[in-house]
Each structure stands twice: as C-alpha cells, then as structure tokens.
Amino acid sequence: MAKKAEGKQRSVYLLKPACAIRDVVDAIGLGHQSALSVAVDGASEATFVALRSVERPAAWIDFFSDQDSEEIQAALQKQRTQSASGLLLVRFEKAVFVITFGYGHTLLDDAHIDETFGLRVALNSIDPKSLKSLDRSNVEVRGHRIREQTPASTSLDDFSIDFDRDLVQAVAGIPTDRSLGKTVAGFDSLSVRLPNESSKIGSALLRLLELSAKDDYLTSFPGIDNIRAVKATPTIDSLEARLIEALRTRAIDKVWLAPPEINNPYSPGRYRYTGFRCKDEFDDIYIEEFLDAVPKLDKISSASLVSWKVHQLGPDGNTEKSWSLFRCIHAEFEVDKNTYILNAGKWYVVKSDFVERVNDVIGPLLSKAAESACLPDYDHSCEADYNQYVGEAVAEAKVLDRRLIHGYGSPHSKIEVCDLLIRDRLIHVKRYSSSAALSHLFKQASVAAELLCDASFRKLVNKAHPTTQFPEEDDFQRSQYVVCVAIVAKSVTPLNLPFFSRVALKNTLSYLRKIGYRVEVSAIKDVYAYGVKRRRTPARLDLSSDWPLEQLR
C-alpha cells in the first residue's frame with residue numbers, strides 16, 4: 001500500500017516587512033469576511049480570514065436562454081455554484097506569512113506582498129539539475145511570455161534563457177529537501193508541501209523564511225537577479241512622480257519617446273497625438289516635439305500619460321496602430337544607487353554591478369560613435385531614402401537595403417545582408433527608436449553575418465547582387481570584414497541608447513567578434529526637419545563621388 005503523504009501542496013506568500021496582519025484584514029473589509037484567531041505552533045499571532053460564500057447561478061446557463069422548454073429552464077435554475085475562499089495569516093517575530101485557500105489569493109493587495117519570496121525559495125531549494133518548468137519574459141518585447149516545460153527534470157542549460165534580457169518569472173523543479181514536496185514552484189507565491197494540520201505548520205514556515213534569506217541560488221543561477229520587474233505600488237508611484245517632474249521641467253536627458261513595437265522601416269510613417277489639443281502630424285515621435293505640442297506642461301500627470309494616445313497613420317491618413325503615450329516613453333533614473341528603467345509601459349530595477357558591466361563595454365564605443373562615423377548626416381524622412389542617397393552619392397557604395405535573399409534555409413525566409421556595403425563594411429542603418437526596434441536591428445546584423453560564413457549563402461547573395469562579389473569558396477576571411485551598426489540620432493555626442501538596447505548591442509558585438517568579424521558602432525547625425533512644415537524633397541548634401549573612403553579604414 002502506498003504511504004499516505006504527510007502533507008499537502010499549499011500556496012504560501014510572505015508579506016513585506018512593514019505590513020501587518022491588521023493591514024491585510026482591513027484592506028479586505030469586514031463586510032465580506034470574518035476574522036478568527038487560531039493557534040499555530042511558534043507563532044505570536046495567527047488569523048484565519050474566511051470570505052463569506054454566496055450561492056449564485058452558474059455563469060454558463062445564459063447559453064440556453066433561448067430554449068422555451070419549461071423543463072430545461074427549471075433544470076437550469078438548479079445549476080447553482082458556490083466557492084469558498086480564505087486566508088491564514090501567521091506572524092512570527094520577523095515575518096508574516098499568508099496561506100491561501102480557494103480564491104483567497106484574490107483578496108491580497110499586491111502592495112502588501114514580497115513579490116520575490118516564492119522565486120527565491122524555489123531557486124534555493126530546487127536541484128539546479130532537476131528543473132521541470134521555467135517561465136520567462138523578454139523585457140524588450142512587452143507581452144512576450146514564454147513557458148518552457150520538459151517531460152523529465154533537466155538542467156538550466158537546456159532552457160533557452162538569456163539573463164541579460166530575460167526576466168525569470170517562475171520556476172518549478174524537484175527540491176533537494178524532499179520534505180518540501182515532490183515539486184516546488186515559485187513566483188510571487190510558493191507552492192510547497194505543508195503539514196496537514198494547521199497547528200503544526202510553524203516550523204515549516206520558519207524553514208521557508210531561512211531559505212528566502214539565502215543567496216545560494218546565485219551560484220547555480222548566476223545573473224538571474226540582473227533585472228527585476230518593479231511591482232511595489234509605492235515605488236512605482238515615486239518613479240512616475242519623478243517622470244512627471246522631468247517632463248514638466250524638460251529635464252529629459254534620460255527620457256525618450258519611441259513606438260513600443262517594431263514598425264515597418266521602409267514606410268515614412270506619420271504620427272498624431274490625441275487627448276490634448278494638437279492638430280499637427282509628425283514624421284516621427286520625439287520627446288522635444290511632444291513637449292512643444294502640449295499646451296500646458298503642468299497638465300501632465302500619470303492619468304494623462306495613460307489616456308493620451310499616439311497614433312501611427314497609414315498612407316490614407318487613417319490610424320493603423322495606436323498606443324497609450326505612457327507605453328511610448330522610455331526613461332532611466334538613478335535612485336538610491338539603483339537604476340530604474342521604464343520600457344514599454346513597465347518599470348524595471350537593474351542591479352548596479354550589471355549596469356556597470358554593460359557600460360564598461362558599451363560606454364566607450366558610444367562616446368566615440370560620432371568620431372568614428374563616416375556616413376553623411378541624415379536629412380531624409382525615411383531610412384530607405386537615406387540609404388539610396390548614400391548609394392548615389394558615395395563611390396563604391398552598394399545599396400542592399402530591402403533587397404532580400406528569399407528561401408535560404410526555409411521557403412519563407414527573407415534575409416537582408418545589410419543596408420549598405422562599402423568596401424569591407426557591412427553597414428546596418430537604423431534611426432533611433434525603441435529597445436525592441438534596435439534589438440531587432442542588432443539581431444538582423446548578427447544573423448546576416450553568421451549566414452555569410454556559409455559559402456552556399458554567399459553564392460545566393462552574389463547571384464542576387466552581382467556587384468557584391470563575396471568569395472564563393474571556403475576562403476572567406478571574416479576578419480577582413482567589419483560589421484558596422486550605424487544609428488541615426490538627434491544627439492550623437494555621446495550616442496545615448498536605452499539600457500536594454502545597450503545590453504543587446506553588447507551581446508551582438510561580443511558574438512560577432514567571437515565568430516571572427518571586426519565590429520564598429522557609428523552615429524549618424526539626424527538633421528532632418530521633422531514636424532509639420534517639412535521638406536517633401538530632402539536636401540542633398542554636397543558630397544562628390546570621391547567622398548573620403550579612407551575614413552573607413
């Protein structure tokens with residue numbers, strides 16, 4: 001006979017240090033529940049909050065509302081549902097735990113919860129070679145959530161995670177201490193085995209408190225704490241207050257505007273703001289022009305940033321996409337030695353040593369990007385026009401922008417080798433935009449460079465673009481080529497990129513160097529007259545065909 005389990009899997013939360021049992025009870029409201037004192041071993045206080053259960057008709061009976069049969073309607077009226085929910089709050093000297101029952105978790109206010117507790121305990125208790133599930137999200141792409149599960153427990157190396165840009169949201173696996181259960185899972189809450197009797201859970205909860213205080217997980221999961229989502233309401237309120245003050249006073253050296261999604265790079269695009277009096281249309285969204293358009297800066301508030309909209313217009317002038325203005329704001333603030341980042345409507349806190357490591361690598365390149373730039377200023381309404389202009393104005397420049405290689409590797413693949421090929425430079429041009437758009441550019445550069453290492457791909461490129469003349473045999477010398485990321489920006493001294501773009505650029509350059517290429521970051525000065533009164537025919541710079549290509553060397 002199988003041995004009966006000595007406990008049952010429960011969901012456990014930890015309250016923030018400043019939060020007391022009374023705070024949770026008061027937030028729920030006694031009108032909907034009763035609070036009863038219970039005994040728990042070793043606890044100084046324990047309260048069970050029972051939500052009053054109300055019987056109600058089943059939610060699905062409306063599906064049969066068109067049936068006239070009295071028998072059916074009578075039977076449906078008997079289909080009633082009722083759910084019971086509760087919370088057990090247990091206070092020790094240094095901590096307050098919450099164990100939820102039924103829908104009890106819905107009674108908790110996020111502001112009261114230590115959102116790192118469940119994940120910390122799970123990481124400290126799970127055997128790093130016995131992971132079963134991992135949830136992550138990419139901070140560069142809002143809404144991009146990925147869950148990877150394995151049929152058998154496995155190591156972290158078998159999960160495709162990049163701690164430089166991925167937020168680990170939840171993990172599940174087999175614990176080294178089997179008294180915690182067959183499986184432990186953690187996120188905000190912790191799913192763990194607890195004793196069956198409520199009075200005997202005290203020592204088990206104190207054991208979880210010990211596990212949550214350790215940082216042993218950093219050995220098995222290095223880098224997992226690089227980036228964390230900010231969930232505490234007071235912290236978010238403080239950051240948003242700082243953002244509003246920066247906008248009102250135009251202290252915007254660390255504030256940008258950019259669409260939160262990757263847009264079509266070959267369409268000039270037009271944009272319009274709604275929510276305040278502004279009839280103008282713009283070729284792009286820039287923080288300076290937005291502030292110029294706002295009638296009264298003191299009217300900017302958290303509510304207005306959410307309610308005001310940015311609309312991307314199609315060729316016919318109609319809205320193709322629209323976003324809350326708040327989702328288009330990117331900001332970085334230093335608060336108490338912590339770096340906080342607003343990206344696509346979400347706040348993140350980044351470990352200071354991680355920020356330093358990224359800036360140590362990328363900072364010097366961005367500072368010298370304007371000096372190393374060898375391309376003319378950008379005086380065009382779209383990247384396609386600019387690339388074509390360089391191709392016409394500069395001797396030896398070949399335009400590969402939008403000239404895709406189809407069907408390599410799969411019938412639907414579309415590969416762009418680069419935007420401009422000038423001697424040994426594979427140049428990828430992108431106007432400054434969101435982290436997601438720039439990361440997309442860096443990914444394109446690394447994919448194209450990797451494929452060029454394949455002789456069969458180079459043959460396809462030469463066939464599609466006879467002037468490229470890449471070596472078609474196996475003597476392709478990667479070190480003879482430079483992959484150049486050229487970013488168009490209003491301010492280029494230094495080139496100021498969002499933090500997550502710096503992370504993506506660091507990783508891209510590291511990979512390109514690893515596979516044998518030389519790399520370069522160039523800044524292109526954006527001098528185009530954006531706004532309502534814009535030139536429909538961009539001014540041509542006075543560049544002759546013998547433009548000094550020696551600067552490229």
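By convention here, the first residue in the shown sequence is residue 1.
Taking the side chain as every heavy atom from C-beta outward, L438 and K430 approach each other to under 4.5 Å. Residues S220 and L123 fail the side-chain proximity criterion, which asks for heavy atoms closer than 4.5 Å. Here the side chains of I341 and F500 are in contact, with some heavy-atom distance below 4.5 Å. In this structure, the side chains of T319 and L313 come closer than 4.5 Å at one or more pairs of heavy atoms. For the pair D135 and F187, the minimum side-chain heavy-atom distance is 4.5 Å or more. Looking only at side-chain heavy atoms (C-beta outward), S191 and R10 stay at 4.5 Å or farther from each other. By the 4.5 Å heavy-atom criterion applied to side chains, I174 and D127 are not counted as neighbours. No side-chain heavy atom of L87 sits under 4.5 Å from any side-chain heavy atom of F48.
Annotation for A185 and A172: closest pair CB-CB, 3.8 Å, computed over non-hydrogen atoms. A pairwise comparison of heavy atoms in F276 and A293 identifies CE1-O, 3.6 Å as the closest pair. Across every non-hydrogen atom of R272 and D280, the tightest pair is CG-O, 3.9 Å. Listed here is the closest heavy atom pair of A229 and Y348: CA-CD2, 3.9 Å. Closest non-hydrogen pair, L297 versus R248, comes out as O-CG, 3.2 Å. The two atoms that bring R431 and Y286 nearest to each other are CD-OH, 4.0 Å, heavy atoms only.
Looking at Y386 and D401, their side chains never bring a donor and an acceptor atom within 3.5 Å of each other.
Taking CG from L325 and NE2 from H311, the interatomic distance works out to 10.5 Å, rounded to the nearest 0.5 Å. The CG atom of L512 lies 6.5 Å from the OG1 atom of T508; values are rounded to the nearest 0.5 Å. Separation of atoms CD1 (I236) and OH (Y340) is listed at 10.5 Å; rounding is to 0.5 Å. Here the CG atom belonging to L366 is positioned 12.0 Å from the NZ atom belonging to K368, to the nearest 0.5 angstrom. Rounding to the nearest 0.5 Å places OH of Y13 at 14.5 Å from NE2 of H112. A distance of 9.0 Å separates CZ in F117 from OG in S189, rounded to the nearest 0.5 Å.
At least one donor-acceptor pair under 3.5 Å links the side chain of Y378 to the backbone N or O of C382. No side-chain donor-acceptor contact under 3.5 Å links E289 to the backbone of F282. Without hydrogens or angle criteria, W347 side chain to V230 main chain gives no donor-acceptor distance under 3.5 Å. With hydrogens and angles disregarded, a donor-acceptor distance shorter than 3.5 Å links the side chain of S212 to the backbone of L209. N124 contributes a side-chain N or O that, together with a main-chain N or O of K214, makes up a donor-acceptor pair within less than 3.5 Å. Under a 3.5 Å cut-off, the side chain of N226 and the backbone N or O of F354 do not form any donor-acceptor pair. Remark: side-chain polar atoms of Q9 are paired, donor with acceptor, to backbone N or O of T183 under 3.5 angstrom. For the pair S44 (side chain) and E93 (backbone), a donor-acceptor distance under 3.5 Å is absent. Remark: side-chain polar atoms of S130 are not paired, donor with acceptor, to backbone N or O of G173 under 3.5 angstrom.
Taking 4.0 Å as the cut-off between side-chain N and carboxylate O, D177 and R193 do not count as a salt-bridged pair. Using a cutoff of 4.0 Å between basic side-chain nitrogens and carboxylate oxygens, R228 and E115 are not scored as salt-bridged.
A distance of 6.0 Å or more separates the ring centres of Y271 and F290.
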Let me see the working for V335 and R242 under side-chain contact (heavy atoms from CB on, under 4.5 Å), right down to the final yes or no.
CA-CA 10 Å; V335 182; R242 182 163 179 167; 3.3 Å; yes
L305/L243 under side-chain contact (heavy atoms from CB on, under 4.5 Å): CA gap, chis, key distance, verdict:
CA-CA 10 Å; L305 293 180; L243 172 65; 4.2 Å; yes
Full working for salt bridge (charged side-chain N to carboxylate O under 4.0 Å, His left out) between D225 and R120:
CA-CA 10 Å; D225 275 354; R120 283 200 315 270; over 6 Å; no
What do the steps show when you test K254 against E334 for salt bridge (charged side-chain N to carboxylate O under 4.0 Å, His left out), and what is the final call?
CA-CA 10 Å; K254 289 288 186 177; E334 298 287 333; over 6 Å; no
Evaluation steps, side-chain contact (heavy atoms from CB on, under 4.5 Å), between L505 and L365:
CA-CA 10 Å; L505 180 57; L365 290 174; 6.0 Å; no
Start with the C-alpha distance between V49 and L89, add both sets of side-chain angles, then the distance that settles side-chain contact (heavy atoms from CB on, under 4.5 Å), and finish with yes or no.
CA-CA 8 Å; V49 179; L89 298 103; 3.6 Å; yes
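Each of L497, L509, L495 was checked for a side-chain contact (heavy atoms from CB on, under 4.5 Å) with I362, and the lone residue meeting it is L509. Each of N359, N496, N507 was checked for a side-chain hydrogen bond (donor to acceptor under 3.5 Å, both in side chains) with R502, and the lone residue meeting it is N359.
Other residues, nucleotides and ligands contribute only 12 or fewer heavy atoms inside 6.0 Å of the NZ atom of K132.
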